[in-house]
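Read through the structure below, which is laid out as structure tokens, and then see the notes.
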Number of protein chains: 2
Amino acid sequence: MISIPVLTLKRLPQYLELLYGFEQEGQDTISATRLAELTGVHMTQVRKDISLTGVVGTPKVGHKIKDLIESIESCLNWKDLSSAFLVGVGRLGSSLLGYSELKRKGLNIVAGFDSDPSLAGTLVDGVIVHSMDKFANLCQRMKVHIGILTVPADQAQSTAELMVASGILAIWNFTPTLLQVDENIIVEDVDMSASLAVLSRRLSEKYDHDSKQISKIDNYKNKTDQEKQ
Amino acid sequence: MISIPVLTLKRLPQYLELLYGFEQEGQDTISATRLAELTGVHMTQVRKDISLTGVVGTPKVGHKIKDLIESIESCLNWKDLSSAFLVGVGRLGSSLLGYSELKRKGLNIVAGFDSDPSLAGTLVDGVIVHSMDKFANLCQRMKVHIGILTVPADQAQSTAELMVASGILAIWNFTPTLLQVDENIIVEDVDMSASLAVLSRRLSEKYDHDSKQISKIDNYKNKTDQEKQ
DNA sequence: GTGCATTCGATATTAAAATATCGAAATACT
DNA sequence: AGTATTTCGATATTTTAATATCGAATGCAC
Ligand SMILES: NC(=O)c1ccc[n+]([C@@H]2O[C@H](COP(=O)([O-])OP(=O)(O)OC[C@H]3O[C@@H](n4cnc5c(N)ncnc54)[C@H](O)[C@@H]3O)[C@@H](O)[C@H]2O)c1
Ligand SMILES: NC(=O)c1ccc[n+]([C@@H]2O[C@H](COP(=O)([O-])OP(=O)(O)OC[C@H]3O[C@@H](n4cnc5c(N)ncnc54)[C@H](O)[C@@H]3O)[C@@H](O)[C@H]2O)c1
């Protein structure tokens, strides 16, 4: 199975999102050109990305939307559900338990785990929450290989180690902690800090000569808004 | 103000996280070499990243941790708080309202907004929630320029447009929707789908010849675990 | 003080990603 | 039917990012 570049993998869900929209609108085909316009990704890049999923289009027409969705979904292994355990049923954790969209993306959270004894045995959005001592055993018995990590930052490393020792092969890490685990464990960080860093800096780069700039922009915007009327 | 590459910006918070740890342990200096070991980023890359923030180190010693933190934080504009509004106080939205870590990263959510009338006037984790009709007015009066978007996907585009019309200059977008807004508005996506796509595919690439492979790995792991004892 | 090891930071090389170019295939139009 | 036009997909070029190399600076051991 060929290795697809990370950046391509990160673009594929974007295309999918648009494709679902078109499908609902009853559209039948779509061109790479159009996808490029909508995503801001270069036309040739879209073509390369699409071709990596293994689908072929027809000249002048483009791609059959149904085929393209099918191809991207199976490329990402989103066609059938993988089971996952979530550890840390706090604010973020329980919001994920209720996030039904994940099922449409191949992820089925079959149980939550938390060190807080008052949560053990409860249901959160229909998902059972267990105490931590059940983790290793259930993990092996149910052959679950994906772990979602939403514990406090200072508990992240030890929890990750427990996961790995219990048979977890891939960790979806929502904590800001940099996990140190065996190198053949797949760790994928959902890095909100990283994203916030980019937003923060880009805003500074654009306007922070000393925030007077922002007022200028405000004035400019008001002006053009008036002109538009 | 120079433009720092996205990938560098995304690595800076990683370094910071480690640096906070060292600072607490009472350490005084750190070398790029050590940061490279811990993050998996190449040593020369770490040096480049660090030098982009404007700090200089001393040979043989490395960098003063205090200076480095200071330098990265001010590079990301995390030293002083920017005000933000959050729209969509649902599962994810309210989990963000309670996420105090954001304040340490320069972001101060000063109010939430929601179309659900039963939420108007309530406090969520100490943050006031307003009805949507107050958004434009408060945005201008309080000179808030950052908007956090956590409404359902089908409401994302229209809400983004409201934000832009109200003076928002940067949108932190947690929805899977690809926003179409004026090009000088900064949009930063927290793309969980993208992250899940990478995790999913990498897992397939590694083990999906037909999932027998995973059992093999299990056996292998058990074996080596025994050997370790 | 002198050599030695370490680390910085600048410059060069390599690798990877994004963009441009071009011919061929398919449809629509004359 | 023939021609123009759109779009695909393969190949080349350019740009950007990652890695390697090297000299200089600093502190430490002797
Ligand atoms: N809240 C957010 O919006 C948000 C956003 C981004 C990242 N995060 C990160 O997600 C993580 C969780 O944040 P949160 O706001 O949901 O915190 P939280 O305190 O609301 O929830 C943490 C949960 O983990 C449980 N827990 C603590 N130690 C545990 C352990 N050793 N084993 C198992 N369970 C344990 C707690 O009982 C609690 O239920 C943090 O690392 C945070 O940095 C949160
Ligand atoms: N829940 C998660 O863990 C999670 C994870 C990743 C992404 N997301 C995305 O975040 C968004 C919110 O997800 P959620 O699970 O919190 O949903 P939710 O239904 O729990 O919350 C949505 C909130 O938005 C409000 N709302 C709806 N329309 C609105 C409008 N036009 N203006 C203002 N407020 C409006 C609703 O009243 C509700 O309070 C979705 O786009 C989802 O795809 C959620």
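So that the names make sense, note that chain A is the first sequence line, chain B the second, and so on, each numbered from 1. What you see below is based on every heavy atom in this structure, not just the backbone, and it leaves out hydrogens, waters and symmetry mates.
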So if I take every side-chain heavy atom of A:Thr44 and compare against C:dT21, D:dT7, C:dC8, which nucleotide ends up nearest?
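The answer is C:dT21, which lies nearest to the side chain.
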Which atom of A:Ile171 lies closest to which atom of A:Ala160, heavy atoms considered:
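The pair with the smallest heavy-atom distance is CD1-CB, 4.0 Å.
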Nearest-Å distance, [atom1] ([X]) to [atom2] ([N])?
X	N	atom1	atom2	value
A:Lys48	C:dA16	NZ	P	13 Å
B:Arg34	C:dT7	CZ	P	11 Å
B:Leu7	D:dA17	CG	P	7 Å
B:Leu35	C:dG9	CG	P	13 Å
B:Leu9	D:dA17	CG	P	11 Å
A:Met43	D:dG9	CE	P	13 Å
B:Leu52	C:dG9	CG	P	12 Å
B:Asp49	D:dA17	CG	P	11 Å

Identify whether any heavy atom of B:Arg11 sits under 4.0 Å from a base atom; if not, whether one sits that close to sugar-phosphate; answer base, sugar-phosphate or nothing.
sugar-phosphate
Taking the side chain as every heavy atom from C-beta outward, state whether A:Thr175 and A:Thr159 have any atom pair closer than 4.5 Å.
no
[N] OP1/OP2 closer than 4.0 Å to side-chain N/O of [X]:
X	N	answer
B:Arg47	C:dG9	no
A:Thr33	D:dC8	yes
A:Gln45	C:dT19	no

Near DNA chain D, counting only heavy atoms under 4.0 Å, which residues of residues 55-76 of chain B show up?
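Going residue by residue through residues 55-76 of chain B, the ones with a heavy atom under 4.0 Å of DNA chain D turn out to be B:Pro59, B:Lys60, B:Val61.
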Salt bridge flag under 4.0 Å for residues B:Lys66 and B:Glu70:
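Here B:Lys66 does not pair with B:Glu70 in a salt bridge, since their nearest N and O are not under 4.0 Å apart.
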Does B:Arg34 count as lying over the ring of B:Phe22, i.e. NZ or CZ under 6.0 Å from the six-ring centre, within 45 degrees of the axis?
no
Ignoring hydrogens and geometry, is there a side-chain-to-backbone donor-acceptor pair from A:Ser200 to B:Leu76 under 3.5 Å?
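Flag set: sc A:Ser200 to bb B:Leu76 pair under 3.5 Å.
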From A:Lys64 NZ over to A:Thr58 OG1, what is the distance, rounded to the nearest 0.5 angstrom?
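Spacing of NZ (A:Lys64) from OG1 (A:Thr58) equals 9.5 Å.
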Could you tell me whether the side chains of B:Ser193 and A:Lys105 share a donor-acceptor contact shorter than 3.5 Å?
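There is such a pair between these side chains.
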DNA chain C: B:Ser51 or A:Gly40, which has the more 5' nearest nucleotide?
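Checking each residue's closest nucleotide, the 5'-ward one belongs to B:Ser51.
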